[in-house]
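In this text the structure is predicted, and so the values were computed from the model without any measurement. Order of listing sets the numbers, starting from 1, for every ligand and every atom in it.
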Amino acid sequence: MDTYFVTGGKPLFGSVPIHGSKNSVLPILAATILARGESVIHNCPALSDVFVTAEILECLGCRVQWHSGTMTVDATQLTGGQIPDVLMQEMRSSVLFLGPLLARLGSAEMCCPGGCALGPRPIDLHVRALQRLGATVNEEGGRLRCTTRRLHGRRILLDIPSVGATENIMLAACGAQGNTIISNAAREPEIVDLQGFLRSMGARIWGAGGSTIYIEGGQTLHAGEYTVMSDRIVAATYLCALASAKGEAEFTCADVRTVAPVITSLIEAGCTIRSAAEGRIWIRSREPLKAIRPIYTAPYPGFPTDAQPVLMAALAGGIGKTTFVETIFSNRYSHAEGLYRMGADISIRQRTAEINGNPFLHGAEMEAHDLRGGAALVVAALGAQGESRITGLHYIDRGYENFEGDLSALGAQIVRVKESVETQMGANTQEPVVAVCAAGGQ
Ligand code: EPZ
């Protein structure tokens with residue numbers, strides 16, 4: 001496994017761009033199979049989750065090309081069928097292929113996406129909604145087999161504003177006969193981006209960003225072209241890294257509106273933050289971060305659960321007591337183990353974490369257990385005295401295009417030591433691997 005060596009205590013200075021959004025591009029790539037032709041996706045981040053999705057598209061018969069930030073997907077020859085288990089298990093969001101496969105081909109087969117470090121990740125809302133739209137879903141032996149003669153538009157009320165379920169319904173409804181109305185839909189900016197891409201394909205869809213989304217089915221879609229939004233969680237991570245390490249930096253290609261709750265918290269903690277035109281966010285942090293009002297994670301536009309670990313890591317090196325309540329996932333404090341090793345004072349009871357800031361955190365050996373928890377360990381290490389060693393970087397590579405490169409550009413002392421080549425031959429590489437398709441019998 002690759003390892004980060006971070007020497008903390010050094011303020012950061014400089015300017016870094018924010019790359020395209022993982023959580024926007026993944027559903028958009030799934031949407032490309034709704035139509036024949038070659039779709040073009042700009043500002044596509046170079047992330048392992050994106051390359052896994054490209055492998056899935058190739059296994060389904062698509063031709064995928066990648067060239068410096070633009071991915072093209074030709075879904076003309078979509079053969080569909082079964083998504084290889086090894087790819088399904090690598091990435092939960094592969095479940096987003098259910099809707100478009102049913103819409104385009106009338107069938108989809110995959111293994112149930114596993115739970116992950118965040119706790120159980122059920123897909124009952126996805127399944128119930130697809131059944132309501134006219135799909136037959138058989139779940140046996142951990143596999144989902146879905147078929148439909150024809151999807152029909154329906155009114156669908158979600159019990160909770162699930163991001164993935166909202167996206168799956170949008171994708172399926174585009175291939176349904178008749179109109180669909182989604183109530184209690186997720187309002188995340190990534191949903192608005194998916195609507196934008198679907199519109200570029202000729203879909204008639206309104207309301208994304210609000211709680212009710214309208215899809216007029218029966219449209220013949222064509223390949224689309226779209227530029228993916230900036231990644232708001234990467235922006236939140238980098239702002240927290242600067243707040244933790246101290247210094248002054250500017251982040252470009254950012255969308256300040258989508259990180260507003262995190263900016264509010266960092267200003268309350270004592271940072272100076274200004275946003276300028278054309279997506280620039282400037283931050284300065286000089287003093288130890290102060291305690292802030294309790295943070296309750298919530299669906300958008302509330303405080304994003306994905307930013308909870310990195311804000312906690314920054315505040316762990318500050319002063320005073322802050323409470324976090326994680327309302328979305330049942331097990332999203334895996335980063336606390338590493339922060340403890342650095343001398344952090346954190347007490348956790350079920351979904352509540354109390355942080356007593358310690359401005360004298362020290363370097364430690366730590367392991368990432370999930371994507372944002374791994375980023376949080378780096379955020380804390382940058383503000384700690386001494387050297388930290390962090391493993392489990394494959395989690396971080398899922399959501400950050402060039403984490404060590406961007407932080408180094410701000411002056412951070414962070415080095416990635418790659419595992420020796422011979423032992424890495426079997427590890428995940430970031431290049432699409434066709435071999436899996438053969439294994440999957442495509
Ligand atoms: C998306 O996951 C994001 N992933 C997550 O980001 C993010 O944390 C999450 O939304 C919440 O904002 C992508 O977009 C690829 P949900 P998703 O369905 O769609 C429960 C990251 O770090 N639920 O909104 O899986 C679920 O267990 C990742 O980038 C059901 O009960 O999240 C959770 O408690 C992590 N049944 C809550 O809803 C279902 O059928 C919210 O989940 C579906 C979800």
Side-chain angles (χ1 to χ4, degrees), residues 19-31 45 47-50 52-53 56 88 90-99 112-132 137 139 144 156-171 182 184-194 211 228-229 231-237 258 261-262 296-311 326-332 334-335 351 368-376 395-401 403:
H19 62 66
S21 165
K22 166 179 86 80
N23 291 350
S24 172
V25 77
L26 296 181
I28 285 175
L29 289 173
L47 304 170
S48 56
D49 272 10
V50 169
V52 169
T53 303
I56 290 172
M88 267 308 293
E90 268 205 59
M91 194 180 62
R92 164 187 165 76
S93 55
S94 319
V95 71
L96 293 177
F97 279 95
L98 281 179
C112 294
C116 66
L118 307 184
R121 301 291 293 275
I123 58 168
D124 55 314
L125 299 177
H126 298 244
V127 170
R128 278 215 305 271
L130 294 174
Q131 288 171 326
R132 181 141 173 75
V137 181
E139 202 170 335
L144 281 175
I156 294 177
L157 169 62
L158 285 171
D159 297 348
I160 46 178
S162 155
V163 173
T166 300
E167 292 164 342
N168 234 334
I169 299 165
M170 289 165 74
L171 296 171
I182 309 170
N184 196 26
R187 299 171 52 192
E188 273 68 7
E190 294 78 14
I191 306 280
V192 179
D193 240 23
L194 178 60
S211 295
V228 170
M229 66 179 271
D231 193 308
R232 60 191 172 103
I233 307 302
V234 169
T237 303
T258 63
V262 178
Y296 291 79
T297 62
Y300 195 89
F303 190 93
T305 173
D306 294 347
Q308 172 263 106
V310 292
L311 179 63
E326 174 53 62
T327 70
I328 306 291
F329 292 110
S330 61
N331 178 29
R332 195 166 203 171
S334 71
H335 44 289
R351 291 189 179 219
H369 299 292
D370 65 73
L371 163 55
R372 308 301 175 186
Y395 287 113
I396 297 176
D397 293 341
R398 296 186 53 192
Y400 297 88
E401 190 174 71
F403 203 27

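Of the possible donor and acceptor atoms, none in the side chain of Asp193 sits under 3.5 Å from a partner among the backbone N and O of Val228. Distance alone, capped at 3.5 Å, is enough to place a donor-acceptor pair between the Thr166 side chain and the Ala186 backbone. Under a 3.5 Å cut-off, the side chain of His335 and the backbone N or O of Ala376 do not form any donor-acceptor pair. Within the 3.5 Å criterion, the main-chain N or O of Val192 finds no donor-acceptor partner in the side chain of Glu190. The backbone N or O of Lys22 sits less than 3.5 Å from a side-chain atom of Asp231, completing a donor-acceptor pair.
Nearest non-hydrogen protein atom to atom 39 (C) of ligand 1 is Pro122 O, 3.1 Å. In terms of protein heavy-atom proximity, atom 26 (C) of ligand 1 is nearest to Phe329 CE2, 4.3 Å. Ranking the protein heavy atoms by distance from atom 15 (C) of ligand 1 puts Asn23 OD1, 3.3 Å first. Protein heavy atom closest to atom 40 (O) of ligand 1, with residue, atom name and distance, is Leu125 N, 2.8 Å. For atom 36 (N) of ligand 1, the nearest non-hydrogen atom of the protein is Asp124 OD1, 2.7 Å. Among all protein heavy atoms, the one lying closest to atom 1 (C) of ligand 1 is Val163 CB, 4.0 Å. From the protein, the heavy atom lying nearest to atom 2 (O) of ligand 1 is Arg121 NH2, 3.6 Å. Protein heavy atom at the shortest distance from atom 18 (O) of ligand 1 is Ser162 OG, 2.7 Å.
In the vicinity of Gly164, heavy-atom distances shorter than 4.0 Å reach the ligand 1 atoms 18 (O), 19 (O). Less than 4.0 angstrom separates some heavy atom of Ile123 from each of these atoms of ligand 1: 39 (C), 40 (O). Numbered from 1 in the order shown, with element, the atoms of ligand 1 that lie under 4.0 Å from a heavy atom of Thr305 read 8 (O), 11 (C). For ligand 1, the atoms lying closer than 4.0 Å to a non-hydrogen atom of Ile328 are 33 (C), 34 (O), 41 (C). For ligand 1, the atoms closer than 4.0 angstrom to any heavy atom of Arg372 are 21 (C), 22 (O), 29 (O).
In Arg332, the part holding a heavy atom less than 4.0 Å from any atom of ligand 1 is the side chain. Residue contacts with ligand 1 for Ile233 are absent, since no atom lies close enough (heavy atoms, distance under 4.0 Å). Residue contacts with ligand 1, taken as heavy atom pairs separated by less than 4.0 Å, involve Arg92 solely via side-chain atoms from C-beta onward. Residue contacts with ligand 1, taken as heavy atom pairs separated by less than 4.0 Å, involve Asp306 solely via side-chain atoms from C-beta onward. Of the heavy atoms in Lys22, only side-chain atoms (C-beta onward) come closer than 4.0 Å to ligand 1.
Checking each of Arg398, Arg232, Arg332 against Asp306 for a salt bridge (charged side-chain N to carboxylate O under 4.0 Å, His left out) leaves exactly one that passes, namely Arg332. For the side chain to side chain contact (heavy atoms under 4.5 Å, CB included) with Val127, the qualifying choice from Leu130, Ile123, Asp124 is Ile123, the only one to do so.
Rounded to the nearest 0.5 Å, atoms OG (Ser162) and CD1 (Ile169) are 7.5 Å apart. We find the CG-OG1 distance between Leu29 and Thr53 to be 6.0 Å, quoted to the nearest 0.5 Å. In this structure, CD1 in Ile233 is found 11.5 Å from CD in Gln308, a value given to the nearest 0.5 Å. The distance from the CG atom of Leu158 to the CG atom of Leu125 is 6.0 Å, given to the nearest 0.5 Å.
When Thr166, Ile160, Val25 are checked for heavy-atom proximity to atom 23 (N) of ligand 1, Ile160 turns out nearest.
A salt bridge is absent between Asp49 and Arg92; no separation between the charged side-chain nitrogens and carboxylate oxygens falls under 4.0 Å.
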